[in-house]
Protein chains: 2
Amino acid sequence: MEATTPLQDARDEFIAGWGTLGSSWGINRTMAQIHAFLLTSTRPLSTDEIMEALQISRGNAHGNIRELVGWTLIRSVIKKGERKEFFEAEKDVWKIACTIARERKRREIEPALEILKSCSDQTKDLKDKESKAFHAQMTELRDFVSLSGRALESAAKTEQSKILKVAARFIS
Amino acid sequence: MEATTPLQDARDEFIAGWGTLGSSWGINRTMAQIHAFLLTSTRPLSTDEIMEALQISRGNAHGNIRELVGWTLIRSVIKKGERKEFFEAEKDVWKIACTIARERKRREIEPALEILKSCSDQTKDLKDKESKAFHAQMTELRDFVSLSGRALESAAKTEQSKILKVAARFIS
DNA sequence: CATTACTTTCAGTATATTCTGAAAGTAGGA
DNA sequence: TCCTACTTTCAGAATATACTGAAAGTAATG
């Protein structure tokens, strides 16, 4: 039986919870767990350390690490004298949020806009009542999604302090 | 071979696209398709009409319709003289967005907060450097997630016009 | 160039999710 | 009460997604 410390316990809870959470965000569980693990590490870690800690195979670790690098949520670090790669997570919460916002915009909002634009355009000259209703619905949706995307983009460009001010006004 | 109209084509594109999109949002494809189908219908539809149009089984249609009712994205309508239920979607884009925002907050932000709170609390009295770093990270994350949740909640309570004004300031 | 220390790939397997369809359940109307 | 028109359930099948581990690939080092 392994002895556990309060820190280990809390960290394990975070890793497990973040993994579950990730699933409902369309992010795979292992990827979220690796992210959580690196996020709570005080030093860069190797693939083997990650495999060992999360009890996952090399292939699984490798692929999900690459995904996280692709999202720029983690980056690879080369230690002098060491041949292998180490990985560390971005720790700044605001930067993480901006990265995720941008990535989701690119992967979800932009494709959605393409579809809505196409649906709106295809029906813009039709005269019957049903077509007009459809066209109006698509146009409204497109405008809304487009606005949301632009707002997200702007927010991700703005300094954290400014966003906090606006947010504070809303909440109060 | 069935002849198609431009409206049918556009509508099919929307249904298919919305379905794919839904997947990346952690919403199942059929549920998103049913929603898209009802969103672009000018009248309430029965389970059988939905089954027929999307070529899905009764069980599948039934379950996903119930889910959508649970999300309050669609509602059941009783037609006089008819024994069966009909369903119609909320058409107002802003209302749809608020509903989704509230639901996701409840399902994702709140559970996340529980975890972060627990992790932060468990480590608040620990004195070693690693524990302090962990505690600080959890606390930052918690504060950020909490703020986001409250902002989302407020936004969903505010009139659309006010939000549009704030959004406009940001984008320009 | 051969060895070593890694990284990458991928076919096969395991798991999780979604879907089907038939059977059981329910309630209005005769 | 029974019939009929519908709704609900759920075991098993189909599909999609994620994971393993071993083999192949790559490049630094001596």
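No experiment lies behind these values; they were computed from the predicted model shown. Order of the sequence lines fixes the chain letters, A, B, ..., with proteins taken first and strands second; residue numbering starts at 1 for each chain.
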Subject >> Sidechain-backbone polar pair: E49(B) side chain, S46(B) backbone, donor-acceptor under 3.5 Å >> reply: yes
Whole angstrom value for the distance that separates [atom2] of [N] from [atom1] of [X]:
{"X": "W25(A)", "N": "dT17(D)", "atom1": "CH2", "atom2": "C1'", "answer": "21 Å"}
{"X": "F87(A)", "N": "dC6(C)", "atom1": "CZ", "atom2": "C1'", "answer": "11 Å"}
{"X": "I34(A)", "N": "dC19(D)", "atom1": "CD1", "atom2": "C1'", "answer": "12 Å"}
{"X": "I50(B)", "N": "dT7(D)", "atom1": "CD1", "atom2": "P", "answer": "11 Å"}
{"X": "E85(B)", "N": "dA5(D)", "atom1": "CD", "atom2": "C1'", "answer": "13 Å"}
{"X": "M51(A)", "N": "dT7(C)", "atom1": "CE", "atom2": "P", "answer": "10 Å"}
{"X": "I78(A)", "N": "dT7(C)", "atom1": "CD1", "atom2": "P", "answer": "11 Å"}
{"X": "E82(A)", "N": "dT29(D)", "atom1": "CD", "atom2": "P", "answer": "12 Å"}

Original post:
Mind checking whether I115(B) and L21(A) have side chains closer than 4.5 Å, heavy atoms only?
Top reply: yes
Subject >> Non-hydrogen side-chain atoms of L113(A) and K117(A) separated by less than 4.5 Å >> reply: no
Measuring to OP1 and OP2 of [N], would you say a side-chain N or O of [X] lies under 4.0 angstrom away?
{"X": "H62(B)", "N": "dT8(D)", "answer": "yes"}
{"X": "R83(B)", "N": "dT4(D)", "answer": "no"}
{"X": "K84(B)", "N": "dC6(D)", "answer": "yes"}

Original post:
Can you find a side-chain donor-acceptor pair between S57(B) and N60(B) that sits under 3.5 Å?
Top reply: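 N60(B) and S57(B) do not have a side-chain donor-acceptor pair below 3.5 Å.
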Original post:
Do we see a donor-acceptor contact under 3.5 Å between the side chains of E13(A) and S118(B)?
Top reply: yes
**OP:** Under the side-chain contact (heavy atoms from CB on, under 4.5 Å) rule, what do F37(B) and S41(B) come out as? Steps first, then yes or no, please.
**Re:** CA-CA 6 Å; F37(B) 185 52; S41(B) 170; 5.9 Å; no
With the criterion being N/O to N/O and under 3.5 Å, what pairs connect the protein with nucleotides 15-25 of chain C, and how long is each?
| residue | atom | partner | partner atom | Å |
| --- | --- | --- | --- | --- |
| dC19(C) | OP1 | T30(B) | OG1 | 2.4 |
| dC19(C) | OP2 | T30(B) | OG1 | 3.2 |
| dC19(C) | OP2 | N60(B) | OD1 | 3.0 |
| dC19(C) | O5' | N60(B) | ND2 | 3.4 |
| dT20(C) | OP2 | S57(B) | N | 2.7 |
| dT20(C) | OP2 | S57(B) | OG | 2.9 |
| dT20(C) | OP2 | N60(B) | ND2 | 3.1 |

Original post:
Within 45° of the ring axis of W71(B) and under 6.0 Å from its six-membered ring centre, is that where the NZ or CZ of R104(B) lies?
Top reply: no
